[in-house]
Amino acid sequence: MLAPPFDLAEDETTVIVRMDVPGVSTHDIDIQYSGNQLRISGERPDEADDKRWAFHRKERRKGRFSRAVTLPCVVIDEQISASFKDCVLEIQLPKSPEAKTHRIEIKG
């Protein structure tokens, strides 16, 4: 099974996940969010099925992949968005107001 690399980052308002998925169509990617876990799965097709080619070397992997990541905070699931550009899948997850950092003043 493949394990495409991904980055997880956040700023004040958003959590962002970026995953490298070269050779994968957006139609072959499934993104699901449940609780505080994001799951990205899909499949990279095998070009060896194309009988026009006689491979001399085959280093790029094919097959199914699935990655799950626990998010660092609560997000607004209705506002999650995804885009795909230059073989990079980007998922933006807006933070819930409760997840934003609040400074607590010490009294005394």
Val88 vs Val21 side-chain heavy atoms within contact, under 4.5 Å: no

Met19 vs Phe84, side chain to side chain contact (heavy atoms under 4.5 Å, CB included): CA-CA, chis, key distance, verdict: CA-CA 10 Å; Met19 177 182 279; Phe84 190 78; over 6 Å; no

Residue list, side chain to side chain donor-acceptor pair (under 3.5 Å) with Asp30, at least two apart or on another chain: Gln32

Within-4.5 Å side-chain heavy-atom neighbours: Ile106 and Ile104: no

Minimum-distance pair of heavy atoms, taken over all atoms of Pro72 and Glu10: CG-OE2, 3.8 Å

Pair listing, side chain to side chain donor-acceptor pair (under 3.5 Å) test, anchored in residues 18-29, at least two apart: Arg18-Glu90

Residues in side chain to side chain donor-acceptor pair (under 3.5 Å) contact with Gln79, at least two apart in sequence or another chain: none

4.5 Å side-chain heavy-atom contact, Leu93 and Ser81: no

Rounded distance (nearest 0.5 Å) linking atom CD1 of Ile91 with atom CG of Leu71: 9.5 Å

salt_bridge(Arg57, Glu59) N-O dist < 4.0 Å: yes

Test item: side-chain donor near acceptor, Ser66 and Arg39, under 3.5 Å: yes

Steps toward side chain to side chain contact (heavy atoms under 4.5 Å, CB included) verdict (Asp7, Val17): CA-CA 6 Å; Asp7 296 332; Val17 175; over 6 Å; no

Shortest non-hydrogen contact from Glu43 toward Arg64: OE1-NH1, 3.6 Å

Pairwise distance CZ(Phe6) to CD1(Ile40) - rounded to 0.5 angstrom: 7.0 Å

From CZ (Arg67) to OG (Ser41), nearest 0.5 Å: 12.5 Å

Gap between atom OG of Ser83 and atom CG of Leu89 - 0.5 Å precision: 7.5 Å

Straight-line distance of Leu38 CG to Tyr33 OH, nearest 0.5 Å: 8.5 Å

Gap separating the OG1 atom of Thr70 from the CD atom of Gln37, nearest 0.5 angstrom: 4.5 Å

Same cluster (ILVMFWY, side-chain, under 4.5 Å), Ile31 and Leu8: yes

Stepwise side chain to side chain contact (heavy atoms under 4.5 Å, CB included) check, Lys95 with Val15: CA-CA 7 Å; Lys95 289 182 177 180; Val15 174; 4.1 Å; yes

